[in-house]
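All residue numbers in this chain count up from 1 along the given sequence.
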Amino acid sequence: MEPHPGFTAREGDHFPTERPATDGWTPEQQEKVKRLRARQRELGTTVMPHPYWSTEAVRGDVVAARMALKRLFPPVA
């Protein structure tokens with residue numbers, strides 16, 4: 001949100017990193033992000049504790065889906 005002068009990684013750094021200078025966000029952009037983040041928190045506190053997520057069927061499906069995802073790709077060495 002705030003203006004940033006930018007930077008370039010030092011010579012010899014492991015990963016080349018660069019960030020251009022920015023002027024920061026406009027007041028309208030900052031306000032919109034604040035509203036969206038507040039809405040996200042509101043929805044999260046509504047959805048997460050909902051009784052649906054503690055049912056046996058959902059818990060079993062989540063575990064099965066997670067295990068299936070683990071087997072989609074070979075492990076990275």
Side-chain angles (χ1 to χ4, degrees):
M1 285 192 202
E2 302 296 323
H4 190 278
F7 65 87
T8 301
R10 297 176 303 229
E11 186 68 32
D13 279 357
H14 188 69
F15 292 103
T17 307
E18 187 173 5
R19 180 176 175 181
T22 66
D23 295 330
W25 293 358
T26 66
E28 294 82 17
Q29 290 170 323
Q30 292 178 15
E31 185 57 38
K32 184 171 185 177
V33 167
K34 285 179 187 177
R35 281 195 318 269
L36 289 170
R37 288 180 178 163
R39 180 72 172 142
Q40 180 183 26
R41 285 190 298 275
E42 177 189 338
L43 292 172
T45 58
T46 301
V47 171
M48 292 307 293
H50 192 278
Y52 170 77
W53 297 109
S54 62
T55 63
E56 283 296 321
V58 172
R59 281 188 284 179
D61 291 344
V62 170
V63 172
R66 193 175 296 142
M67 295 306 288
L69 283 172
K70 286 175 137 182
R71 292 180 178 83
L72 284 177
F73 302 99
V76 176

Among Ile, Leu, Val, Met, Phe, Trp and Tyr joined by side-chain contacts under 4.5 Å, find the other residues sharing a cluster with [X] and list them by chain and number.
{"X": "Leu72", "result": "Leu69, Phe73"}
{"X": "Met1", "result": "Trp25, Val33"}
{"X": "Val63", "result": "Met67"}

*Output all residues satisfying salt bridge (charged side-chain N to carboxylate O under 4.0 Å, His left out) with Arg35, sequence neighbours left out; order by chain, then residue number.*
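None.
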*asked:* I'd like to know if the side chain of Thr22 and the backbone of His4 have a donor-acceptor N/O pair within less than 3.5 Å.
replied: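 At least one qualifying donor-acceptor pair exists.
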Name each donor-acceptor pair under 3.5 Å that joins a side chain in residues 42-50 to protein atoms two or more places apart or in another chain, with its distance.
residue	atom	partner	partner atom	Å
Glu42	OE2	Arg39	NH1	2.9
Thr45	OG1	Arg41	O	3.2
Thr45	OG1	Glu42	O	2.9
Thr46	OG1	Glu42	O	2.9
His50	ND1	Tyr52	N	3.0

_Residues forming a side-chain hydrogen bond (donor to acceptor under 3.5 Å, both in side chains) with Glu31, sequence neighbours excluded_ =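 side-chain hydrogen bond (donor to acceptor under 3.5 Å, both in side chains) list for Glu31, sorted by chain: empty.
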